[in-house]
Every structure is written in structure tokens, then in C-alpha cells.
Protein chains: 2
Amino acid sequence: MNTHSEARERVLQAAERLFAERGYIGVTVKDIAKEAGIHHASLYHHAREGKEGLFVEVMERVLRNHQAGIAEAVARGGDDLRAQLQGIADWLVSQPPMDLIRMVHVDLPAISASHAEYLEALAHEAMLEPLEEILTAAQARGQIAHPNLGHIAGGLFWAIEGLHSLPDEYLLQPRSMIASELIEVFLKGLTR
Amino acid sequence: MNTHSEARERVLQAAERLFAERGYIGVTVKDIAKEAGIHHASLYHHAREGKEGLFVEVMERVLRNHQAGIAEAVARGGDDLRAQLQGIADWLVSQPPMDLIRMVHVDLPAISASHAEYLEALAHEAMLEPLEEILTAAQARGQIAHPNLGHIAGGLFWAIEGLHSLPDEYLLQPRSMIASELIEVFLKGLTR
DNA sequence: GTCTATATAAAGATAGAC
DNA sequence: GTCTATCTTTATATAGAC
């Protein structure tokens with residue numbers, strides 16, 4: 001394993017899509033093998049550590065990918081906080097749900113403690129810290145006044161990410177447009 | 001079954017706690033029986049429809065309980081939108097996570113379509129509609145100006161509910177206090 | 001109402017042939 | 001690299017004794 005064969009890549013991509021959407025216990029090894037187009041026994045040839053090792057490897061990729069997508073959105077937004085936030089929101093709604101509640105309460109308790117700690121720290125670093133940083137930077141530029149930004153970043157993240165709980169049939173507008181309204185409320189407030 | 005014995009009530013409460021926290025596939029019948037203090041075979045005496053029937057019955061109770069807790073918080077808040085929102089937030093953080101993303105993407109696809117439809121509608125009615133209603137009422141009183149409140153209610157819900165993804169060790173303040181800051185931002189905005 | 005015993009299916013995983 | 005066959009464990013569920 002750990003070679004870069006074409007079949008191994010198919011396994012990783014299938015696992016990535018499925019784990020990101022349904023989480024660790026919501027996906028079976030057979031589901032992954034089926035989507036990759038091989039027998040489930042063959043999967044162990046490409047992922048010697050089995051399901052848990054595959055999960056850790058793949059979540060690492062997913063989280064790093066989020067980190068990169070968010071960083072790019074931030075860079076494109078320049079010094080404009082609203083543009084940065086909208087870019088992040090567009091990225092998040094374009095990806096499968098990244099359900100950190102499920103991850104913390106369901107997925108991580110099902111794997112080894114050391115793997116769980118690692119993924120939890122990585123998730124924080126990849127998803128929440130970038131948001132916190134642009135808020136802090138905007139504060140330093142005098143664009144926002146709020147004192148306690150760490151938790152506000154989390155609130156912003158969840159307000160956007162929660163859009164994934166709306167089934168498509170319920171949507172009156174694209175998620176990106178709803179996100180835009182939410183960002184406006186975060187910046188300007190509901191009152192007056 | 002459907003009698004109101006003491007043992008049946010213990011089963012329902014165990015199932016309620018576990019399903020609410022880890023979802024349908026994250027909980028086994030043995031987990032529930034163990035927490036209720038009976039053998040897992042005995043569980044079928046109290047829940048003839050098995051795991052899925054138990055899940056539906058119990059999620060109904062959980063959602064109705066949320067509905068009642070939220071209604072009470074709203075009533076206590078009188079005509080003060082901030083007090084109403086803080087009451088709802090205090091209620092939500094006092095309960096196990098109600099992870100609607102997991103519910104929509106993981107739990108509901110694992111049960112029958114009719115059960116899934118029913119629970120999805122009930123979740124919307126119990127969790128989101130009350131929030132939407134107090135925003136609409138505040139708008140009618142002239143306290144808020146925003147035009148499109150349906151999705152704002154969802155954003156508010158998730159900003160609060162997302163606090164459950166913060167492990168207790170990460171918390172610098174009680175969740176209720178963080179929620180208070182988030183509500184302030186929703187009402188007044190981050191800028192200036 | 002609760003248990004033991006058991007049926008049945010599905011899951012993760014390995015051995016070994018091709 | 002991929003398969004068939006098999007092992008082990010776990011899950012849901014039922015039958016029937018007490």
C-alpha cells in the first residue's frame with residue numbers, strides 16, 4: 001500500500017465522498033469497495049490498516065482540502081471581509097456537509113483515542129481557525145468592533161454549514177444566496 | 001406494548017438519550033437495553049416494532065419536548081426578542097445535540113421513507129418554525145427590519161446548536177454565555 | 001416481564017488461488 | 001491486483017422456558 005496506483009486512488013476518492021457525507025459508522029467497507037468498483041476483499045490490498053486507517057487518511061485529505069479551499073477564498077477576497085466570508089460560504093456549500101457535531105459525538109468515539117485527538121485538532125485548524133483569523137484581521141483594520149471573536153467564528157461557520165440540513169426541495173433560493181443574507185446579518189445586525 | 005409500565009418507560013428514556021446523542025445507526029439495541037438495565041431480548045417486549053419503531057417513537061418525544069421547551073422559553077421572554085432568543089439558546093445548550101444534518105443525511109436514509117418524511121416534517125415544525133415565528137412577530141412589532149426571516153431563523157438555530165461541537169475542554173465560558181454573544185451579533189451586527 | 005438459547009444477516013478482516 | 005472462500009464478531013430479531 002501507500003503506492004499511488006490508479007485503483008488505490010479510486011478507493012480513496014470513494015471513501016472520501018462516503019465518509020464525508022455519512023461519517024465513519026454510516027459507511028461500510030463494502031460500500032466503499034462497491035463505489036470503487038472492486039471486491040471488498042481487494043480493498044485491504046490498498047488500505048492495509050482497514051476501515052479505521054482509511055477513515056483517518058481520508059478525513060485528513062478532506063480537511064486539508066477544506067483548508068485549501070477556504071484559504072483560496074480568503075485570498076480572493078482581498079481586504080474585504082464581506083467578500084472573504086462570501087467566498088468561504090460558497091466553498092462550504094459547494095462541498096459535502098462537514099458535520100463536526102457528528103464527528104465529535106459519533107465518529108471520533110468509534111476510533112482510537114490517538115486518531116480521534118489528531119482529527120479533532122486538525123478539524124479545528126482547518127475549518128475554524130481560518131475564519132477566526134480573518135475576523136481578527138478585520139478587527140485590526142478597524143472594520144469590526146466585537147471583542148471576543150473566537151466563538152463568533154464558530155457561529156458563522158455553523159450558520160453556513162447548517163444550510164446542509166435543508167433538503168434541496170425546501171430551498172427557495174440557492175444556498176449561496178441564503179448565505180449572503182446570513183453574512184449581511186452577521187455584519188449589520190437584524191435590528192434597525 | 002404501548003402500556004405504561006415502569007420498565008417500558010426506562011427503555012424509552014434510555015433510547016431517547018442515546019438516539020438523540022448518537023443517532024439511529026450510532027446506537028445498538030444492546031446499548032439501549034443495557035442502559036435500561038434489562039437483557040436486549042426483553043426490549044422487544046416493550047418495543048414490538050424493534051429498533052426502527054423505537055427510534056420513531058422516541059424521536060417524536062424528543063422533538064415534542066424541544067417544541068415545549070422552546071415554547072416555554074419564548075413565553076418567558078414576553079415581547080423582548082433578545083430574552084426570547086436567549087431563553088431558546090439556554091434550552092438548546094441544556095439538551096443533547098439535535099444534529100439535523102446527521103438526521104437528514106444519515107439517520108433518515110436508514111429508515112423507511114414514510115417514517116423519514118414524518119420525522120423530517122416534525123423536526124422542522126418543532127425546531128425551526130418557533131424561531132421563525134418570534135422573528136416574524138418581532139418584525140411586526142417594528143423591532144427588526146430584515147425582510148427574509150425564514151432562513152435567518154435557521155442560521156440562528158445552527159449558530160447556537162453548533163456550540164455542541166465544541167468539546168467541554170475547549171470551552172472558556174459556559175455555552176449559554178457564548179450564545180449570548182452570538183445573539184448580540186445577530187441583533188446588532190459585527191461592524192461598528 | 002425477564003431471561004437463555006438460537007436464528008439470520010451483515011460487518012470487518014485474512015488466506016490463498018489466479 | 002483481484003478474486004473466492006472463510007473466519008470472527010456483532011447486530012437485529014424470535015422462540016420458548018420460567
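Letters A, B, ... mirror the listed sequences (proteins, then strands); counts begin at 1.
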Query - Nearest-nucleotide 5' precedence on DNA chain C, A/Ala41 against A/Asp31 - result: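 It is A/Asp31 whose nearest nucleotide is closer to the 5' end.
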Query - Listed partners of B/Glu117 passing side chain to side chain donor-acceptor pair (under 3.5 Å), at least two apart - result: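 For B/Glu117, no residue satisfies side chain to side chain donor-acceptor pair (under 3.5 Å) once neighbours in sequence are set aside.
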Query - Residues which pass side chain to side chain donor-acceptor pair (under 3.5 Å) with B/Tyr118, listed by chain and number, not counting sequence neighbours - result: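 Here the qualifying residues are B/Glu60.
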Atom-to-atom span, [atom1] of [X] to [atom2] of [N] - whole angstrom:
X: A/His39; N: C/dA15; atom1: NE2; atom2: P; answer: 16 Å
X: A/Lys34; N: D/dC3; atom1: NZ; atom2: C1'; answer: 18 Å
X: A/Leu54; N: C/dA13; atom1: CG; atom2: P; answer: 10 Å
X: A/Lys51; N: C/dG12; atom1: NZ; atom2: P; answer: 4 Å
X: A/His45; N: D/dT4; atom1: NE2; atom2: C1'; answer: 17 Å
X: B/Leu43; N: C/dT4; atom1: CG; atom2: P; answer: 15 Å
X: B/Tyr44; N: C/dT8; atom1: OH; atom2: P; answer: 16 Å
X: B/Lys30; N: C/dT2; atom1: NZ; atom2: C1'; answer: 16 Å

Report task. Name all residues meeting the side chain to side chain contact (heavy atoms under 4.5 Å, CB included) criterion together with B/His40; count only those two or more places apart in sequence or in a different chain, and write none if there are none. Result ->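 For B/His40, the residues satisfying side chain to side chain contact (heavy atoms under 4.5 Å, CB included) (neighbours in sequence not counted) are B/Val29, B/Lys30, B/Ala33.
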Report task. Considering just the side-chain nitrogens and oxygens of B/Ser42, establish if one lies under 4.0 Å of OP1 or OP2 belonging to C/dG1. Result ->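 No.
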Query raised in the report: Looking at the side chain of B/His46, which of C/dG1, D/dA11, C/dC3 is the nearest nucleotide?
Result: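 When the side chain of B/His46 is considered, C/dG1 is the closest of C/dG1, D/dA11, C/dC3.
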Query raised in the report: Of the nucleotides C/dC3, C/dT2, D/dT2, which one has an atom closest to the side chain of A/Arg10?
Result: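 Closest nucleotide among those given: D/dT2.
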Query raised in the report: Taking only residues two or more places apart in sequence, or in another chain, which ones meet A/Phe157 in a ring pair (Phe, Tyr, Trp, His ring centres under 6.0 Å)?
Result: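 A/Phe157: no ring pair (Phe, Tyr, Trp, His ring centres under 6.0 Å) contacts found.
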Query raised in the report: ring pair (Phe, Tyr, Trp, His ring centres under 6.0 Å) with B/His66: which residues, sequence neighbours excluded?
Result: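 Residues passing ring pair (Phe, Tyr, Trp, His ring centres under 6.0 Å) with B/His66: B/Trp91.
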Report task. For DNA chain C, find the residues of residues 19-29 of chain A with a heavy-atom distance under 4.0 Å and give them by number; none if there aren't any. Result ->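 Residues of residues 19-29 of chain A under 4.0 Å from DNA chain C: A/Val27, A/Thr28, A/Val29.
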Query raised in the report: Does any non-hydrogen side-chain atom of A/Leu85 lie less than 4.5 Å from one of A/Phe186?
Result: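 Heavy-atom side-chain distance check fails, nothing below 4.5 Å.
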Query raised in the report: Relative to each other, are the rings of A/His164 and B/His105 parallel, tilted or perpendicular (30° and 60° limits)?
Result: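 The arrangement is perpendicular - the two ring planes meet at more than 60°.
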Query raised in the report: Is the base of C/dA11 touched by the side chain of A/His40 through a donor-acceptor pair closer than 3.5 angstrom?
Result: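 Donor-acceptor pair under 3.5 Å: no.
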